[in-house]
Amino acid sequence: MGYPSRRGVLAGGLLLTTAAVGAAGYRGWERGSFGDLTDGTAFQPWRDWRSNVYQGPLALVAAAVLAASPHNSQPWRFRVEPNRIQLKADLSRALGPMDPFRRELHLGLGCAIENLMVAARGRGYDPVLTLLPDPVAEPNLVAQVDLGSPGAAVAAPHLAAIVDRHTHRGAFEPRRPLPQEVTAALAACVDDDRTWLEMFPAGSDRGRDFVAATIAATEQIVADNGMRQTSHAWFRQSRADIDEHRDGISITTSGLSGFKVRLVMALPDLDDAQFGRSWIDATRDVHCATAPLFGLIGVRMPRDRSTLLSAGRLWQRLHLEATVRGVAMQPLNQMMEMADRERQFNRPPETAEKLAAVTGDPGWAAVFAFRAGFAATKPHPSPRRGVTLVTEAVGAG
Ligand SMILES: Cc1cc2nc3c(=O)[nH]c(=O)nc-3n(C[C@H](O)[C@H](O)[C@H](O)COP(=O)(O)O)c2cc1C
């Protein structure tokens with residue numbers, strides 16, 4: 001008896017036979033795809049933040065771990081003192097071929113910094129942030145936040161959105177543009193002169209070039225064994241896998257709706273070739289095809305670590321602002337990933353040139369891309385390693 005293919009379901013074109021549903025049902029029971037898919041320990045950090053389980057500086061770490069990170073790699077460790085939090089890069093969680101210059105790793109660390117700062121202000125602290133406080137002696141120490149004494153909790157902007165922000169990989173409403181006041185609020189999230197934000201409609205020439213270059217880059221990533229296998233290695237395919245690792249991308253966050261998520265989890269695992277093809281299908285048929293708007297974050301110094309941390313803060317801030325306004329977002333970074341890979345091997349900068357053309361301003365280098373729109377469905381939370389797994393006792397290495 002054959003199972004329907006996971007890729008077929010992920011691509012949205014499914015014809016199920018009764019026998020196949022029965023087979024999938026049995027396997028689903030075996031693999032834990034019934035019941036609440038987000039009730040396990042891997043999702044506890046979302047509940048911990050919502051119910052104020054942690055107090056003092058640990059509460060701020062509890063907010064930081066809910067931030068976005070590339071492939072949900074969560075490349076962070078925290079050193080916590082009563083009045084200070086230090087954030088260190090965990091290079092054992094770097095994405096290697098997908099991120100050879102650790103651009104995305106630093107953007108993800110910037111996301112964690114933003115959540116931490118939002119939570120600190122919300123808890124009444126007056127936080128002072130220092131990026132890369134000692135780059136020579138401690139290069140992996142990316143940020144230090146001196147907290148001072150806590151005051152009364154305040155209704156800080158974005159605080160409530162920390163727990164509701166999730167990457168949305170499902171269909172958006174392609175013909176529903178963002179109202180002008182929303183794009184203005186997103187533009188106002190840029191708060192320094194080191195970062196730049198541009199947004200453009202999917203139907204514009206620029207939007208069409210963005211789509212063509214993003215699909216081409218996805219195909220090239222999938223054709224690159226190192227990149228495809230790395231991405232597949234971070235793809236969690238069963239409840240047990242999610243609960244064990246508490247990280248990575250997974251079927252539950254692929255943008256499928258409830259029934260299909262359960263069905264796909266019940267089917268045999270995708271090997272890396274099938275995973276790659278379903279990524280191309282979803283990029284072309286869902287992510288690019290249904291987006292009304294694309295955006296780019298640019299910087300002047302794309303290889304400067306502290307600049308990348310600021311750009312990551314901007315992404316997290318944008319996504320929190322979008323969440324407040326009921327707008328769905330998804331990063332789409334295949335162009336940058338491929339451009340970095342070309343640079344790593346000194347190949348002709350084919351993708352880098354397309355990216356520069358879409359960026360349109362030689363003064364800025366795009367380091368992050370995304371789509372934004374309204375969606376009829378709600379995205380699922382992704383798993384997290386909680387506070388105790390990522391916090392070092394003071395005095396420890
Ligand atoms: C630097 C960076 C790059 C990312 N690139 C992509 C991407 O290209 N495609 C995508 O679907 N998600 C991308 N993401 C989103 C992450 O996969 C997501 O943040 C992570 O899985 C955690 O899920 P959450 O954002 O829903 O909490 C990126 C996130 C960051 C911080």
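Atoms considered below: every heavy atom in the structure, side chains included; atoms not considered: hydrogens, waters and symmetry mates.
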Presence of salt bridge, [Y] and [X], under 4.0 angstrom:
{"X": "D90", "Y": "R77", "value": "no"}
{"X": "E392", "Y": "K88", "value": "yes"}
{"X": "R246", "Y": "D241", "value": "no"}
{"X": "R50", "Y": "D164", "value": "yes"}
{"X": "K354", "Y": "D209", "value": "no"}
{"X": "R102", "Y": "D99", "value": "no"}
{"X": "R79", "Y": "E138", "value": "yes"}
{"X": "E198", "Y": "R206", "value": "yes"}
{"X": "R341", "Y": "D224", "value": "yes"}

Sub-4.5 Å side-chain heavy-atom contact between [X] and [Y]:
{"X": "Q44", "Y": "V53", "value": "no"}
{"X": "L314", "Y": "W196", "value": "no"}
{"X": "L60", "Y": "Y125", "value": "yes"}
{"X": "L131", "Y": "S310", "value": "yes"}
{"X": "I215", "Y": "V211", "value": "yes"}
{"X": "L87", "Y": "L116", "value": "no"}
{"X": "S231", "Y": "H71", "value": "yes"}
{"X": "R305", "Y": "L132", "value": "yes"}

If I take atom [atom1] from residue [X] and atom [atom2] from residue [Y], how far apart are they, to the nearest 0.5 angstrom?
{"X": "H380", "Y": "R169", "atom1": "NE2", "atom2": "CZ", "answer": "12.0 Å"}
{"X": "L186", "Y": "M199", "atom1": "CG", "atom2": "CE", "answer": "5.0 Å"}
{"X": "S69", "Y": "D247", "atom1": "OG", "atom2": "CG", "answer": "8.5 Å"}
{"X": "T230", "Y": "E337", "atom1": "OG1", "atom2": "CD", "answer": "11.0 Å"}
{"X": "R277", "Y": "D281", "atom1": "CZ", "atom2": "CG", "answer": "9.0 Å"}
{"X": "T130", "Y": "D146", "atom1": "OG1", "atom2": "CG", "answer": "6.0 Å"}

Side chain to side chain donor-acceptor pair (under 3.5 Å) between R93 and N72, intermediate numbers included:
CA-CA 10 Å; R93 306 184 76 78; N72 198 17; over 6 Å; no
If you draw the axis of the six-membered ring of F294, does the NZ or CZ of R371 fall within 45° of it and under 6.0 Å from the ring centre?
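No, cation not above the ring by the 6.0 Å, 45° rule.
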Which heavy atom of [X] sits nearest to which heavy atom of [Y], and what is that distance?
{"X": "P127", "Y": "A120", "answer": "CG-CB, 3.8 Å"}
{"X": "P383", "Y": "F43", "answer": "N-CE2, 3.5 Å"}
{"X": "A372", "Y": "L178", "answer": "CB-CD1, 4.1 Å"}

Heavy-atom donor-acceptor pair, [X] side chain to [Y] backbone, under 3.5 Å:
{"X": "N333", "Y": "M336", "answer": "no"}
{"X": "R228", "Y": "I221", "answer": "no"}
{"X": "R84", "Y": "Q144", "answer": "no"}
{"X": "E350", "Y": "R347", "answer": "no"}
{"X": "T391", "Y": "T388", "answer": "no"}
{"X": "N115", "Y": "A63", "answer": "yes"}
{"X": "S204", "Y": "F200", "answer": "no"}
{"X": "H232", "Y": "L270", "answer": "yes"}
{"X": "Q86", "Y": "L141", "answer": "no"}
{"X": "W46", "Y": "S382", "answer": "yes"}

Aromatic ring pairing F172/H168, orientation class (parallel under 30°, perpendicular over 60°, tilted between):
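Perpendicular, since the angle between the ring planes exceeds 60°.
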Using 30° and 60° as the class limits, which term best fits the ring planes of F235 and F275: parallel, tilted or perpendicular?
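Rings of F235 and F275: tilted, 30 to 60°.
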Please say yes or no: joined through hydrophobic side-chain contacts below 4.5 Å, possibly via intermediate residues, are [X] and [Y] part of one cluster?
{"X": "V190", "Y": "W364", "answer": "no"}
{"X": "M335", "Y": "F370", "answer": "no"}
{"X": "L355", "Y": "V299", "answer": "no"}
{"X": "V286", "Y": "L293", "answer": "no"}
{"X": "W234", "Y": "V261", "answer": "yes"}

Verdict with reasoning, R325 to T323, per side chain to side chain donor-acceptor pair (under 3.5 Å)
CA-CA 5 Å; R325 294 172 178 274; T323 303; over 6 Å; no
Passes salt bridge (charged side-chain N to carboxylate O under 4.0 Å, His left out), R103 versus D340? Steps please.
CA-CA 9 Å; R103 174 185 49 82; D340 282 352; 2.9 Å; yes
Applying the side chain to side chain contact (heavy atoms under 4.5 Å, CB included) test to V358, which of T214, D205, L296 qualifies?
L296
Partner of C189 under side chain to side chain contact (heavy atoms under 4.5 Å, CB included), chosen from H319, Q316, E321, R313:
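Exactly one option meets the side chain to side chain contact (heavy atoms under 4.5 Å, CB included) with C189, and it is E321.
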Should we count [atom1] of [X] as having more than 12 external heavy atoms under 6.0 Å?
{"X": "R47", "atom1": "CZ", "value": "yes"}
{"X": "D192", "atom1": "CG", "value": "yes"}
{"X": "D126", "atom1": "CG", "value": "no"}

Among pairs that include at least one residue of residues 90-109, which meet ring pair (Phe, Tyr, Trp, His ring centres under 6.0 Å), considering only residues two or more places apart or in two chains?
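For residues 90-109: none.
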Apply the test side chain to side chain donor-acceptor pair (under 3.5 Å) to residues T167 and Q330: give CA-CA distance (whole Å), side-chain angles for both, the deciding distance (0.1 Å), then the verdict.
CA-CA 5 Å; T167 299; Q330 179 196 6; over 6 Å; no
Pairing donors with acceptors under 3.5 angstrom, does anything connect the side chains of Q229 and N225?
no
With side chain to side chain donor-acceptor pair (under 3.5 Å) as the criterion, how do R236 and T252 come out once you've worked through the C-alpha distance, each side chain's angles and the decisive distance to 0.1 Å?
CA-CA 9 Å; R236 312 288 174 230; T252 52; over 6 Å; no
Using the rule salt bridge (charged side-chain N to carboxylate O under 4.0 Å, His left out), only one of R165, R317, R121 pairs with E114; which is it?
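Of all the options given, the one that passes is R317.
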H287 ring center within less than 6.0 Å of W279 ring center:
no
